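Once you've had a glance at the structure underneath, I'll fire off some questions.
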Amino acid sequence: MSISGIWLPIVTPFKDDKVDFKSLEGMINHYIPKGISGLIPLGTTGESPTVSDIEFEEIVEKTVEFCNNRVPIFVGVGGNDTKKVIQKLKLLEKYNVKGILSVSPYYNRPDQRGILQHFSSIAASTDLDIIVYNIPYRTGRNIENSTIHKLAEIKNIVALKDASGDIKQTLELLLNPPKDFSILTGEDAFYYTTLLHGGHGGILASCHLETELFIEIYNQVKENNYQAAFENWKKLIKVIPHLFEEPNPTPIKYCLYKLGLIEANEVRLPLLPITEALQAKLDILI
Ligand SMILES: O=C(O)C1=N[C@H](C(=O)O)C[C@H](O)C1
């Protein structure tokens, strides 16, 4: 399937250290009517590292139920042990999900051969579609454009979530993209630039806020209405950097709590709720 537009990497709301499914349902019913292209539970923004295996399946099951076929779902399933990633994605095959967002292996820092084999093995193990997630500042290893081109030749590897943090690498890829392959940004501050260079959209934590504006910018760029898109972008770029001053998704969760979209401003250790200083800044901005 073609992956484009704004895909929401939805937060995992917690209350009293349990997954708050009431708030999750409320958020899903809040965001789908705004025009998001899809949902991605259990990405970085979904605090996937601190969700238990039982909670993982509950969140997938409930997200599918609440979504009720209205938009496609890709689930965050990644890791640095290829066998374990395959075991985990197999759990998904009984649910109505389209695919996985899979972060490149972290900590053990495989070379490009290892990254290629990791994702090739995952792709060969399933019919689910795969969005490869490149985020060197979290994983410690970049996926080079030459590797992306090789991965894009695999039928069910359908897109890249680009958070390379290297604008030169990003622009080189966008200006020489793999055929029949989507490139979405995962660097919120690069959203407008990515679209202007032919990018297909974004998987962005910040689009929990001003969602319609992110979607309007996408539509305006696709209609070559660049000036209007730029005017809208200048509104968003004032807020986006503050949403990453402290570890994502702690700023976003604070904003969602203040907006009444989640019942508790709870995150799981080693993350902590944002500082009072950042709360004061965001209180003015949202
Ligand atoms: O949820 C995600 O996955 C995202 N990851 C980036 C991060 O490293 O925090 C940010 C992006 O907006 C969403």
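Basis for what follows: all heavy atoms, side chains included, without hydrogens, waters or symmetry-related copies. Since the model is a prediction, treat every value here as computed from it, not as a measurement.
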| field | Ile36 vs Phe214 side-chain heavy atoms within contact, under 4.5 Å | value |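 No - every pair of side-chain heavy atoms lies 4.5 Å or more apart.
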
| query | Is Tyr31 close to Val71 at the side-chain level, that is, under 4.5 Å between some pair of heavy atoms? | reply |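 In short, these two side chains do not touch, never coming nearer than 4.5 Å.
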
| Does the side chain of Ser164 come under 3.5 Å of the side chain of Thr170 through a donor N or O and an acceptor N or O? |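 On atom types as modelled, these side chains qualify, holding a pair under 3.5 Å.
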
| task | Please tell me if the side chains of Ile262 and Phe14 come closer than 4.5 Å, counting only heavy atoms from C-beta onward. | result |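 The answer is no, as the side chains (C-beta and beyond) never meet within the 4.5 Å cut-off.
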
| Sequence neighbours excluded - salt bridge (charged side-chain N to carboxylate O under 4.0 Å, His left out) pairs with any residue from residues 157-173 |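 Only Lys168-Glu172 qualify under salt bridge (charged side-chain N to carboxylate O under 4.0 Å, His left out).
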
| task | Run through Asp188, Leu195, Thr194, Thr193 and flag the one making a side chain to side chain contact (heavy atoms under 4.5 Å, CB included) with Tyr191. | result |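 In the set Asp188, Leu195, Thr194, Thr193, the residue that makes a side chain to side chain contact (heavy atoms under 4.5 Å, CB included) with Tyr191 is Leu195.
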
| query | Has Lys222 got more than 12 heavy atoms of other residues, nucleotides or ligands less than 6.0 Å from its NZ? | reply |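 Count over threshold, so yes.
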
| message | Can a side-chain donor-acceptor contact be found between Gln279 and Thr275 if the only test is distance below 3.5 angstrom? | response |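 Gln279 and Thr275 do not have a side-chain donor-acceptor pair below 3.5 Å.
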
| NZ/Lys234: more than 12 non-hydrogen atoms of other groups inside 6.0 Å |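 More than 12 within 6.0 Å, yes.
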
| All pairs passing ring pair (Phe, Tyr, Trp, His ring centres under 6.0 Å) where residues 120-156 contributes a residue, at least two apart |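 Checked against ring pair (Phe, Tyr, Trp, His ring centres under 6.0 Å) - neighbours excluded - no pair reaches residues 120-156.
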
| Any side-chain donor paired with an acceptor under 3.5 Å for Asn29 and Arg70? |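 Asn29 vs Arg70: donor-acceptor pair found between side chains.
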
| Does Val132 reach the side chain of Ile130, with side-chain heavy atoms less than 4.5 Å apart? |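 Yes - at least one pair of side-chain heavy atoms lies under 4.5 Å apart.
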
| query | Would you say Ile154 and Ser120 make side-chain contact, with heavy atoms under 4.5 Å? | reply |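 Sidechains of Ser120 and Ile154: in contact.
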
| request: Determine, stepwise, if the pair Gln112 / Ser146 fulfils side-chain hydrogen bond (donor to acceptor under 3.5 Å, both in side chains). | output: CA-CA 9 Å; Gln112 297 304 304; Ser146 56; 5.6 Å; no

| Side chain proximity check, Ile167 to Phe190, heavy atoms < 4.5 angstrom |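 In contact.
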
| Should we count NZ of Lys90 as having more than 12 external heavy atoms under 6.0 Å? |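 It does: Lys90 NZ has more than 12 such atoms within range.
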
| Just checking, is any N or O donor in the side chain of Asn142 or Asn134 under 3.5 Å from an acceptor N or O on the other one? |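 Yes, because at least one side-chain N or O of Asn142 sits under 3.5 Å from a partner of the opposite role on Asn134.
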
| Any Ser182 side-chain heavy atom under 4.5 Å of Ile131 side chain |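 Side-chain contact under 4.5 Å: no.
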
| All pairs passing ring pair (Phe, Tyr, Trp, His ring centres under 6.0 Å) where residues 94-117 contributes a residue, at least two apart |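 Every candidate ring pair (Phe, Tyr, Trp, His ring centres under 6.0 Å) pair involving residues 94-117 fails, so no pair, neighbours aside, qualifies.
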
